[in-house]
Amino acid sequence: MKVNGTPYRSLWWSDETKALQIIDQRWLPHAFRIQQLDSLADYCTAITDMHVRGAPLIGATAAYGMAFALAQDSSDNAMTEAYDRLHATRPTAINLRWALDRVSAAMRPLPEHDRATAALQLAHEIADEDVEINRRIGTHGLSLIRAIAEQKPKGAPVRILTHCNAGWLATVDWGTATSPMYHAHEAGIPLHVWVDETRPRNQGALTAWELGSHGISHSYITDNAGGHLMQRGMVDMVITGTDRTTRTGDVCNKIGTYLKALAARDNDVPFYVALPSPTIDWTVSDGVAEIPIEDRPAREVTHIQGRDATGISSVQVTPEGTPAGNPAFDVTPARLVTGLITERGICEASEAGLAGLFPEMAAP
Ligand code: MRU
């Protein structure tokens, strides 16, 4: 998608420097900084400290991390060590394990001298596939937005609430939850997006930055405003992303998603989740019981980053020494989800719904 009119992906390989380039998202929306990853430690830090973030982008970055490691040392031991170090970076988004497993499974049978080139090629494929998956999610989600637009007076915007950033920055391109919005905007359907702030890290500011760059009407709202807007009939639908979805359709996403789903159900607002298939964990059936929820540093809650006339800085919002808790994700049970928007179409959030679209994955 575009930054100041120039198309970008959220990561790309430089043939010149033979290294991965990322957008360092810690500084957005205030500064656009590109970082080159030059060591396995750089890759791990970039994921743990959220220079890159969002489930699909974490997966793609990890695939390049494996390729980087194999270019240094293509032995089985080095591959296992790289897998373990990358896998330990963040626990919740399943795309990380999915990408690491895919690269390892493809490289193990190869002779060592072929692995580095093959792993880089596979990382490129994983990145390109993510773009195509998200494009398809957009075309399927567009049909939902169009159907709502057709029920409204001509010119009235479809009002969509979204939580966190499931935009192009969270993927390689298009985003998941935002892809239907970009497709609807391109199709000339008037939209207004309610962008949840998403404390503590305010990923909503990333979504606002993205939508603003593409001329999509939006308002940045506090996390607590969604229920009120729904009660007043000011939200036509909710679309969020997901970091891990169980085979039964439970959805784990950024903390606060569950509360939006409860409010949506109470107000008969359809609640959709945009779901690329690598985000499905076919080994898990009960999301609340089985998905590991990342606990992030308390400082993300006690402090807040912003910009003033002197630059970007972080200020403390709590009394000195206040203990803080920071669970980063929650689980929305399938019964609260109206539908899952996947690259193969839209299905019910249930084992039967997912198995219908992905029979080859659902088979025991
Ligand atoms: O902690 P983050 O910023 O990595 O969390 C991101 C989210 O929760 C997104 O909504 C999710 O990864 C879906 S992204 C397409």
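Side-chain atoms are counted along with the backbone in the values below, which use heavy atoms only and exclude waters and symmetry mates. Numbering of ligands and ligand atoms starts at 1, following listing order.
Contacts between Ala55 and ligand 1 below 4.0 angstrom, taking non-hydrogen atoms only, involve backbone and side chain alike. At a heavy-atom distance under 4.0 Å, only side-chain atoms of Pro56, from C-beta outward, approach ligand 1. For Gln203, every heavy-atom contact with ligand 1 shorter than 4.0 Å involves the side chain, none the backbone. Contact annotation for Thr240 and ligand 1: no heavy atom of the residue comes within less than 4.0 Å of the ligand. Counting heavy atoms closer than 4.0 Å to ligand 1, residue Thr279 contributes nothing at all.
Of the N and O atoms on the side chains of Thr61 and Arg53, not one donor lies less than 3.5 Å from an acceptor on the other residue.
Ranking the protein heavy atoms by distance from atom 15 (C) of ligand 1 puts Thr176 OG1, 3.1 Å first. When only non-hydrogen protein atoms are considered, atom 14 (S) of ligand 1 lies nearest to Ala170 CB, 3.6 Å. For atom 9 (C) of ligand 1, the closest heavy atom belonging to the protein is Asn253 OD1, 3.5 Å. Scanning all protein heavy atoms for the shortest distance to atom 3 (O) of ligand 1 gives Arg53 NE, 2.5 Å. Summary of contacts: the protein heavy atom closest to atom 8 (O) of ligand 1 is Asp243 OD1, 2.7 Å. At the shortest separation from atom 5 (O) of ligand 1 among protein heavy atoms lies Lys254 CE, 3.3 Å.
Under a cutoff of 6.0 Å and an axis angle of 45°, Lys254 and Phe329 form a cation-pi pair.
Of all the listed residues (Glu294, Gln25, Arg90), Arg90 holds the heavy atom that lies closest to atom 4 (O) of ligand 1.
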